Number of protein chains: 2
Amino acid sequence: MARTDPARAVTLTDVARLAGVSVATASKALNGRDQVKDSTRQRVVEAAERLSFSPNALARGLLAGRTGTVGLLTSDLEGRFVIPILMGAEDAFGAGQVSVFLCDARGDAIREQYHLRALLGRRVDGLIIVGRQTDPRPSLGPDIPVPVVYAYAPSDHPDDRSLTPDNTGAGRMAVEHLVACGRTRIAHITGEHAYAAARDRAAGVRDALTAAGLELVGDVMYSEWSERWGRDATAMLLEQHPEIDAILCGSDQIARGALDMAHALGRSVPDDVAVMGFDNWEVLTTNSRPELTSIDANLQQLGRTAAQWVFAALDGKDIGTGTQFVDGRLVIRGSTVARR
Amino acid sequence: MARTDPARAVTLTDVARLAGVSVATASKALNGRDQVKDSTRQRVVEAAERLSFSPNALARGLLAGRTGTVGLLTSDLEGRFVIPILMGAEDAFGAGQVSVFLCDARGDAIREQYHLRALLGRRVDGLIIVGRQTDPRPSLGPDIPVPVVYAYAPSDHPDDRSLTPDNTGAGRMAVEHLVACGRTRIAHITGEHAYAAARDRAAGVRDALTAAGLELVGDVMYSEWSERWGRDATAMLLEQHPEIDAILCGSDQIARGALDMAHALGRSVPDDVAVMGFDNWEVLTTNSRPELTSIDANLQQLGRTAAQWVFAALDGKDIGTGTQFVDGRLVIRGSTVARR
DNA sequence: AAAGAAGCCGAAAAGGTTTTCTGAAGATAG
DNA sequence: CTATCTTCAGAAAACCTTTTCGGCTTCTTT
């Protein structure tokens, strides 16, 4: 910083002196306590403003036992699922008096432990643990002295409180939409089998197909979460099963690849084949031709709820245990329904 | 949180009692001060471990005048430029003892002011202000009592310290690459003219073309930062100037659209036309066919440097004033150079 | 053996705020 | 005019840690 800084931060003592009262009175005046005459209060408030006094949150927290801070411990900032959750949480907290400590463990358990210690040392009032996949993650254990909510990646311990997208439901929702559009010969291309998200969605897909009296065309095609795989899988699919009328893709990236290849092979979307993705990553869904129908996981909502749970627990309310699932939201665009 | 929490956090007094020493000695033992017998130190350390004591950072900060925290105030978490910067900063800090407060002002000046007060109240040791565009932003003013570094969006006040990508240089770098590839008839499609990033890159493009004795084909085509615009602009371009052999796009999104349309119109990339973008957004650049050459703005490096500057200023070093520019990095892929 | 030195530990203060309790002044009732 | 009550201001303690300084014990030196 280029500018010189004042020798010392202004304290309540300074304000009290300027207003000609004791620190006790100054404190009461500024915090809206009674036992202060109106004229006195005004003097104090003016003094505080003239010195642009802002109370030292450390001293306050030390005394109150509450700091008004929350730790947000993520295992992977890079991942695009973390950000909306983070925004939602920041949103819910930001409205109040709470500040957020952000820590990125980079998927490293040691680093996570390290950050955890730091956060507890700073006496955060609560913790939100955000994983990068929906697969369960190791619990932090029962000995954390503040409320903990696991978001996206649920804890593997049933006594913890977790919040994760309902991927099975999302799979069902997708198929129901395709069926409602009159599609009956549906294939499913998705990402790595190692991901619970892929398996759960596929399970939902099977459920809904069975319920509709239909069968999946071919097997679920697991591989990588990439546009390239979307292209390759679609090429194979259209050769082996030229009769298909819908390709449900495990992510928007895969769907972009599918769209691309369908065009290249002379199929019209959505007239010949419907294409659909998951995640509703707008940069992909709204820029394709036609735009992509997708299932939004409502991650921002998930982040907000997690934050509200931490609040509730802080207020002594019981927020229960176990994993709660957050519903997805169908976003219909041109890749499954012809315009007009 | 489901589990019950202990009545009270464990303090140094508890440790001292268990070890049979005074708090003063306990403190010195745990902090590696001398004036403590080895056997005593060991007793204290064991006691601390048994109680899983972690020192209250608030009390420490109150006393030391330093909190070991830094505020990261962004105007737009959603934007994808903020995240890498944030990661870089978190990286540089995370190695040490510093925790990061994250605040999102959502582009709202009132909200920003509010967060700023909260951060100063929490006695952060420094601030990094991250904007969402490279256009200069209003300074926070000279009265902030801690070091401030502006990242991505520089401050509009010359006495502040700012760090921003060198977009003019990036524009030059892009043209130099295309020229080195033997391209001579180069067009430039870019985003909104309102963005300094677009104008600066265009200026760099003109510089480099002039230096190479070339002229831009057509005018710089400003419009929106979207794939759609990339497609539309490319269609116009190829009709009006069928002789072009390179399309330099102001973003990877635009470049994806250009790539798409070039294919659709039967042009081979990179044989007939080279296509190139900016930002090196991997999800776009490495998934296209062919993969996209782009200029990476080194944002993570930018974030790291910003953090290091804050550190340096904290250590009393002079970090100077004004805006420093961070060089971009050319990432060559198949859209400008044929494979093999 | 006495004096000085070195090693080790604890008492106390400091940091800034909030809260409780005491006390003083003024007001009201008898 | 006295006794009781109300209103308002201030003194002091509490939160937890670190650091300084004084003092006690033990060892070394002459």
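Model, not experiment: these values are computed from the prediction. Every chain is numbered from 1, with letters handed out A, B, ... down the list of sequences.
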Item to complete: Report the distance from atom CG of Leu62(A) to atom C1' of dT17(D), rounded to the nearest whole Å.
Response: 9 Å
Worksheet item: Do Leu86(A) and Asp104(B) pass the side-chain contact (heavy atoms from CB on, under 4.5 Å) test, and can you show the C-alpha distance, the side-chain angles, and the key distance before you say yes or no?
Response: CA-CA 10 Å; Leu86(A) 204 152; Asp104(B) 180 7; over 6 Å; no
Practice prompt. Using whole Å, report how far NZ of Lys37(B) lies from P of dC24(D).
Written response: 18 Å
Practice prompt. Measure the distance from CG on Leu12(A) to C1' on dT19(C) and round it to the nearest whole Å.
Written response: 13 Å
Discussion item. Can you see if the side chain of Thr40(B) gets near the phosphate of dC8(C) - specifically, an N or O under 4.0 Å from OP1 or OP2?
Written reply: no
Worksheet entry | Nearest-nucleotide 5' precedence on DNA chain C, Leu63(A) against Gln35(B) | Gln35(B)
Discussion item. For a quick check of understanding: with a heavy-atom distance under 4.0 Å over all strands, which category does Asp34(A) fall into, base, sugar-phosphate or nothing?
Written reply: nothing
Item to complete: Answer yes or no: are there more than 12 heavy-atom neighbours, outside Asp38(A) itself, under 6.0 Å from its atom CG?
Response: no
Discussion item. Does Ser27(A) reach a base, just sugar-phosphate, or nothing at all? Heavy atoms under 4.0 Å.
Written reply: base
Worksheet item: Is the phosphate of dG15(C), meaning OP1 or OP2, less than 4.0 Å from a side-chain N or O of Asn56(A)?
Response: no
Discussion item. With a cut-off of less than 4.0 Å, is there a side-chain N or O of Arg33(B) near OP1 or OP2 of dT19(D)?
Written reply: yes
Worksheet item: Arg60(B) CZ to dA14(C) C1': how many Å, rounded?
Response: 16 Å
Item to complete: Check whether the side chains of Thr69(A) and Arg122(A) place a donor and an acceptor atom closer than 3.5 Å, and report yes or no.
Response: no
Worksheet entry | Integer-rounded Å distance: dG16(C) C1' and Asn31(A) CG | 13 Å
Discussion item. Can you tell me if Thr25(B) touches the phosphate of dC9(C), counting only side-chain N or O atoms and a distance under 4.0 Å to OP1 or OP2?
Written reply: no
Discussion item. Both Ala24(A) and Val21(B) contact DNA chain C. Which one's nearest nucleotide lies toward the 5' end?
Written reply: Val21(B)
Worksheet, complete the sentence: Per nearest nucleotide of DNA chain D, the residue lying toward the 5' end, Lys28(B) or Ala59(B), is Ala59(B)
Worksheet item: Charged N to carboxylate O under 4.0 angstrom, Arg66(A) versus Asp125(A)?
Response: no
